[in-house]
Asks: 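The structure under discussion is supplied below as structure tokens; questions concerning it will follow.
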Amino acid sequence: MNTHFKTESVLTFTLMPLVAILFLIVWSLILAWPMQMLWNWLVPTIFGLGKISFLQAFGLIFLLGLTFGRVSFNETHKE
């Protein structure tokens, strides 16, 4: 039995989702400030909605990433 293959498979399937979630959180934090600035500049004036805080912008980016984001584990791109 090839134990190297088994260990590598377990690590790959365990670590990849964790890395993807960590990446999503970091990317959301990076995009939260521009999202907050753009929202607070445009949305209250155009639509009459309230301003949002940094944490609300982070939550919105994170939610959008979960909803519309695409995570692919293979290297081929199919259109």
Side-chain angles (χ1 to χ4, degrees):
M1 180 177 233
N2 190 352
T3 58
H4 174 70
F5 178 73
K6 188 174 184 179
T7 305
E8 186 177 309
S9 297
V10 170
L11 286 176
T12 300
F13 288 116
T14 322
L15 250 90
M16 288 305 287
L18 295 175
V19 169
I21 291 170
L22 182 63
F23 176 77
L24 181 62
I25 291 170
V26 170
W27 188 245
S28 299
L29 284 171
I30 291 170
L31 293 178
W33 185 76
M35 170 65 107
Q36 178 190 10
M37 294 296 112
L38 284 170
W39 180 284
N40 290 339
W41 176 47
L42 295 172
V43 172
T45 305
I46 296 171
F47 301 109
L49 298 174
K51 294 184 175 189
I52 62 173
S53 69
F54 179 80
L55 286 177
Q56 289 170 326
F58 169 74
L60 187 59
I61 291 288
F62 191 76
L63 178 65
L64 290 172
L66 287 174
T67 306
F68 299 111
R70 188 177 120 191
V71 177
S72 176
F73 295 109
N74 59 8
E75 295 180 11
T76 59
H77 179 68
K78 296 179 183 177
E79 292 190 16

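Small disclaimer: the values here were computed from a predicted structure and weren't measured.
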Asks: When rounded to the nearest 0.5 angstrom, what distance separates CE in Met35 from CG in Asn40?
Replies: 10.5 Å
Asks: Would Val19 and Ile25 show up in the same hydrophobic cluster when neighbours are defined by side-chain heavy atoms closer than 4.5 Å?
Replies: no
Asks: Taking all heavy atoms of Trp33 and all of Phe54, pick out the closest pair and write down the distance.
Replies: N-CE1, 3.7 Å
Asks: Of the non-hydrogen atoms in Ala57 and Ala32, which two are nearest, and what is the gap between them?
Replies: CB-O, 3.3 Å
Asks: What's the separation between atom CG in Leu29 and atom CG in Leu55, rounded to the nearest 0.5 Å?
Replies: 9.0 Å
Asks: Linking I/L/V/M/F/W/Y whenever any side-chain heavy atoms sit under 4.5 Å apart, do Leu31 and Leu63 land together?
Replies: no
Asks: Would you please name every residue forming a side-chain contact (heavy atoms from CB on, under 4.5 Å) with Ile30, sequence neighbours left out?
Replies: Val26, Trp27
Asks: List, one per line, each side-chain donor-acceptor pair under 3.5 Å for residues 41-52, sequence neighbours excluded.
Replies:
none

